[in-house]
Amino acid sequence: MRKPLVVALCALALAGAGATPAVAAAPSPTGADATTGTAPATPLTDLVNDTVGAVADTLSGLTAPKAGAVNFAGTVSLSNCSGSVVRMPDSAASDPALVLTNGHCLESGFPAPGQVLTDRASSRTFGLLNASGAKVATLRANRLVYATMTDTDAAIYRLSSTYAQIKSAYGIDPLTLSSTRPAAGTAISVVSGYWKRIYSCSVDGFAYRLKEGDWTWKDSVRYTSACDTIGGTSGSPVVDDATGEVVAVNNTGNEDGGRCTVNNPCEVDENGGVTVRQGINYAQQTYPFTACFTTGNRLDLSASGCTVPKP
């Protein structure tokens, strides 16, 4: 779980300093969330976040080269994280669109261990990006459909717009969640709408359990070292380069070599053995969600094959 220092970026904007996002942002739980367990944003926080977004837009041309066929179309920027407009394999164009990000990116703060949130009112906004990373619209949620930091680190919002309406107005299609588990060695791209940066690497393997502070995640994706994600990339879709489908959602990395502490997750194997991999980053698989949504993009936690945590 990572968070950049928004105040530092605000100061950078006001001073007109020239630095890359990697310098301006201090990694913390891989999101850009302001602080752990923070309350919903205040108007002043919104102003700071707007400034941060402007700086990110200005500096986006200085970031790493973009991966081949993978681009920013359908990704979104949040006030504190990254995310993407996603569809299930069987979603219809007339269905209300969904946005995927991390559970630790919630505007209300981190869900507690064991806590699962469903069907909550929300008016959260998202900046929709086109292929080149330019913001083309502001999308608004009407519900938080699902969120947790137990076993996985994911949040899914329902928008007030359908996929067809977004396509008609902006020419942008959603990303599709893969219904199958990714394989080790798969070439992937982590696409950050917050920083407008694409990281390219491969699936190095999987952590049986990934423990960070009070939270534990199951079967986490471990990246090869080339995906050196920073604060603000939390919630970024992890895209299979070959299929263009989303296989995971980016969420954390071990920054300082710490053992199982916040910002320093550790891997725990089936026998309880602990491995620390400083500088390595992780994501949570998303294929389990494809069995949990039925006709009309309706969440059904009792559906056959739905294995995500329940309230």
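Both backbone and side-chain heavy atoms feed into the values below; hydrogens, waters and symmetry mates do not.
A pairwise comparison of heavy atoms in T75 and P237 identifies CG2-CG, 4.0 Å as the closest pair. Closest approach of P96 to G296, counting heavy atoms only: CD-O, 3.7 Å. Closest approach of V203 and A183 over heavy atoms only: CB-O, 3.7 Å. Here the closest heavy-atom approach between residue G103 and residue P111 is recorded as O-CD, 3.3 Å. V221 and A248 get closest at one heavy-atom pair: CG2-CB, 4.2 Å. When every heavy atom of A226 is checked against every heavy atom of C201, the shortest pair comes out as CB-CB, 3.8 Å.
A donor-acceptor contact under 3.5 angstrom links the side chains of S192 and S82, judged on distance only. Between the side chains of N297 and Y163, a donor-acceptor pair is found at a separation under 3.5 Å. In this model, a donor atom of one side chain and an acceptor atom of the other lie less than 3.5 Å apart for N142 and R158. A donor-acceptor pair shorter than 3.5 Å cannot be found between the side chains of N281 and Y199. Side chains of E107 and S122: a donor-acceptor N/O pair is present below 3.5 angstrom, by distance only. N254 and Q278 are not linked by any side-chain donor-acceptor pair at a separation below 3.5 angstrom, with hydrogens and angles left out of the test.
Under a 3.5 Å cut-off, the side chain of T162 and the backbone N or O of Q165 do form a donor-acceptor pair. Under the 3.5 Å distance criterion, the side-chain polar atoms of D204 are left unmatched by any main-chain donor or acceptor of A184. W215 places no side-chain N or O within 3.5 Å of a backbone atom of G114 that could act as its donor or acceptor partner. The main-chain N or O of G258 is never found under 3.5 Å from a side-chain atom of T261 such that the two would form a donor-acceptor pair. One N or O on the side chain of T148 and one on the backbone of T150 form a donor-acceptor pair closer than 3.5 Å. When atom types are taken as modelled, the side chain of S178 and the backbone of T180 share a donor-acceptor pair closer than 3.5 angstrom. In this structure, the side chain of K167 does not engage the main chain of A169 through any donor-acceptor pair within 3.5 Å. Distance alone, capped at 3.5 Å, is enough to place a donor-acceptor pair between the N80 side chain and the C105 backbone. S160 places a side-chain N or O within 3.5 Å of a backbone atom of R140 that can act as its donor or acceptor partner. For K310 (side chain) and V308 (main-chain N/O), a donor-acceptor pair under 3.5 Å exists by modelled atom type.
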Legend entry - Verdict with supporting geometry, L175 and R87, side chain to side chain contact (heavy atoms under 4.5 Å, CB included): CA-CA 6 Å; L175 303 178; R87 64 181 296 275; over 6 Å; no
Inset, instruction - Just do the side chain to side chain contact (heavy atoms under 4.5 Å, CB included) check on T138 and K135 with the steps written out, would you? - result: CA-CA 8 Å; T138 297; K135 179 181 174 181; 3.2 Å; yes
Inset, instruction - Decide yes or no on side chain to side chain contact (heavy atoms under 4.5 Å, CB included) for V249 and D153, but give the supporting numbers first. - result: CA-CA 8 Å; V249 58; D153 183 6; 6.0 Å; no
Inset, instruction - Test side chain to side chain contact (heavy atoms under 4.5 Å, CB included) on S84 and V99 and set out the steps. - result: CA-CA 5 Å; S84 55; V99 165; over 6 Å; no
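For the pair V85 and L98, the minimum side-chain heavy-atom distance is 4.5 Å or more. Put simply, the side chain of C266 does not reach to within 4.5 Å of the side chain of E212, judged on heavy atoms. Side-chain contact between I166 and L159 is present, with heavy atoms from C-beta onward closer than 4.5 Å. Annotation: side chain of V191 is in contact with side chain of V239 (closest heavy-atom distance under 4.5 Å). No side-chain heavy atom of V238 sits under 4.5 Å from any side-chain heavy atom of V246. Looking only at side-chain heavy atoms (C-beta outward), P182 and D240 stay at 4.5 Å or farther from each other. T101 is listed as a side-chain neighbour of L78, based on a closest heavy-atom distance under 4.5 Å. By the 4.5 Å heavy-atom criterion applied to side chains, Y170 and L128 are counted as neighbours.
Distance OG1/T216 to CZ/R209: 8.5 Å, rounded to 0.5 Å. Taken from CG in L299 to OG1 in T294, the straight-line distance is 8.0 Å, to the nearest 0.5 Å. The distance from atom CE of M149 to atom CG of L106, rounded to the nearest 0.5 Å, is 9.0 Å. Within the model, atoms CD1 of I156 and CG of L117 stand 12.5 Å from one another, a figure rounded to the nearest 0.5 Å. Here T275 contributes atom OG1 and D269 contributes atom CG; the two are 6.5 Å apart, rounded to the nearest 0.5 Å. Interatomic distance, NZ of K196 versus OG of S132, reported as 10.0 Å (0.5 Å rounding).
Taking the six-membered ring for Trp and the full ring otherwise, Y157 and Y146 have centroids separated by 6.0 Å or more. Ring-centre distance between Y282 and W217: not below the 6.0 Å cut-off.
Residue F206 is grouped with residue Y223 when hydrophobic side chains (ILVMFWY) are merged at heavy-atom distances under 4.5 angstrom, including chains of intermediate members. Placement of L100 and L301 within a single hydrophobic cluster is found when ILVMFWY residues are connected by side-chain heavy-atom separations under 4.5 Å, directly or transitively.
Ionic pairing of R222 and E267 is present here: one or more N-O contacts between side-chain nitrogen and carboxylate oxygen are shorter than 4.0 angstrom. At a threshold of 4.0 Å, the pair D219-R181 counts as salt-bridged, since one of the basic side-chain nitrogens sits closer than that to a carboxylate oxygen.
For the side-chain hydrogen bond (donor to acceptor under 3.5 Å, both in side chains) test with Q284, the passing option among N251, N250, T152 is N251; the others fail.
The salt bridge (Lys or Arg N to Asp or Glu O under 4.0 Å) check on E245 picks up nothing, with sequence neighbours excluded.
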